[in-house]
Amino acid sequence: MSDRGRTGRVVTAAELAALVADDRRAGRTIALANGCFDLLHVGHVRYLEAAAREASRLIVAVNDDESVRALKGPGRPILPGAARAEMVAALRGVAYVVLFGERSVERLLQRLEPDVHCKGTDYTTDTVPEREVVRAYGGRVAIVGDPKDHSTRILIEHIGRRPPEPR
């Protein structure tokens, strides 16, 4: 029973834990993907579509504003966390979205123990930072999505170079 045809909802970490427990009791498998998702682009969509195929429920952990600033630097995020989470939740195949405040998603992985932790193609299974946490509880890591040909940084640079449109 997959969520591929429907969109998800933004929940708190406590709500998410209860939802995951219900899903497990119902025999569903859980995948978790994570990222900043600042300026949603086709690479994000393809990554999350591929992640959704890994289990019957896809959870997406979105970095909160403070952790995006720590990871990406000043001027980021462009969009606030609540807006980024809402956009990700609107994507087909996403069951639940949760904001998290750490630089790494390790604590959430330890709490939820998803069957699959999905990362983009800019990683290999040996370079995923959380791989040991996932292996410790018996989960697996999946590298999903298309080649890393898209990035928010490139979009920002492109927008900065374009002349303003006449009004």
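Not measured: the values here are computed from a predicted model.
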Asks: A side-chain contact here means heavy atoms from C-beta on lying under 4.5 Å apart; do V105 and H117 qualify?
Replies: yes
Asks: Closest approach of S67 and E102, non-hydrogen atoms and distance?
Replies: CB-O, 3.6 Å
Asks: Measure across V98 and T12 and return the closest heavy-atom pair with its distance rounded to 0.1 Å.
Replies: CG2-C, 3.9 Å
Asks: Looking only at atom types and distance, does a side-chain atom of Y47 sit under 3.5 Å from a main-chain N or O of N34, one as donor and one as acceptor?
Replies: yes
Asks: Is the closest basic N to carboxylate O distance between R135 and E132 below 4.0 Å?
Replies: yes
Asks: Any donor-acceptor pair under 3.5 Å linking the side chain of D38 with the backbone of I78?
Replies: yes
Asks: On a heavy-atom basis, which atom in L58 and which in A52 lie closest, and how many Å separate them?
Replies: CD2-N, 3.8 Å
Asks: How long is the span from the CD atom in E54 to the CD1 atom in I143, to the nearest 0.5 Å?
Replies: 10.0 Å
Asks: What's the spacing between F37 CZ and R84 CZ if we round to 0.5 Å?
Replies: 9.5 Å
Asks: For the pair R103 (side chain) and L71 (backbone), establish whether a donor and an acceptor sit closer than 3.5 Å, ignoring hydrogens and angles.
Replies: no
Asks: With rounding to the nearest 0.5 Å, note down the distance linking CG in L108 to CG in L16.
Replies: 6.5 Å
Asks: Checking salt bridge (charged side-chain N to carboxylate O under 4.0 Å, His left out) against D115, which of R24, R28, R140 comes through?
Replies: R24
Asks: What's the shortest heavy-atom distance between A51 and A33, and which atoms?
Replies: CB-CB, 4.2 Å
Asks: Roughly how far, to the nearest 0.5 Å, is the OH atom of Y137 from the CG atom of L112?
Replies: 8.5 Å
Asks: Can you establish whether the number of heavy atoms outside E113 located under 6.0 Å from its atom CD is more than 12?
Replies: yes
Asks: Quick check: closest heavy atoms across A55 and I30, and the distance to 0.1 Å?
Replies: CB-C, 3.6 Å
Asks: Do V133 and I59 sit in the same hydrophobic cluster, where Ile, Leu, Val, Met, Phe, Trp and Tyr count as joined when their side-chain heavy atoms come under 4.5 Å apart?
Replies: yes
Asks: Check for a donor-acceptor pair, side chain of R131 on one end and backbone N or O of D126 on the other, with a separation under 3.5 Å.
Replies: yes
Asks: What I'd like to find out is whether the side chain of L79 reaches to under 4.5 Å of the side chain of M87, using heavy atoms alone.
Replies: yes
Asks: Can you find a pair of side-chain heavy atoms, one from R69 and one from P77, that are under 4.5 Å apart?
Replies: yes
Asks: Test side chain to side chain contact (heavy atoms under 4.5 Å, CB included) on N63 and F100; report intermediate values, then the result.
Replies: CA-CA 5 Å; N63 291 79; F100 75 103; 3.5 Å; yes
Asks: Would you say E15 has more than 12 foreign heavy atoms packed within less than 6.0 Å of its CD?
Replies: yes
Asks: Please assess L91 against V60 for the test side chain to side chain contact (heavy atoms under 4.5 Å, CB included), listing each intermediate value before the final yes or no.
Replies: CA-CA 11 Å; L91 295 174; V60 182; over 6 Å; no
Asks: Between atom CZ of R57 and atom CG of D23, what is the distance when rounded to the nearest 0.5 Å?
Replies: 4.5 Å
Asks: Would you confirm whether D65, through its side chain, and G81, through its main-chain N or O, come within 3.5 Å as a donor-acceptor pair?
Replies: yes
Asks: So, taking the atom named CZ in R9 and the one named CD in E86, what distance separates them when rounded to the nearest 0.5 Å?
Replies: 14.5 Å
Asks: Count the heavy atoms of every other residue, nucleotide or ligand shown that sit under 6.0 Å from CZ of R107, and state whether that count exceeds 12.
Replies: no
Asks: Side-chain contact, heavy-atom cut-off 4.5 Å: V116 with T29?
Replies: no
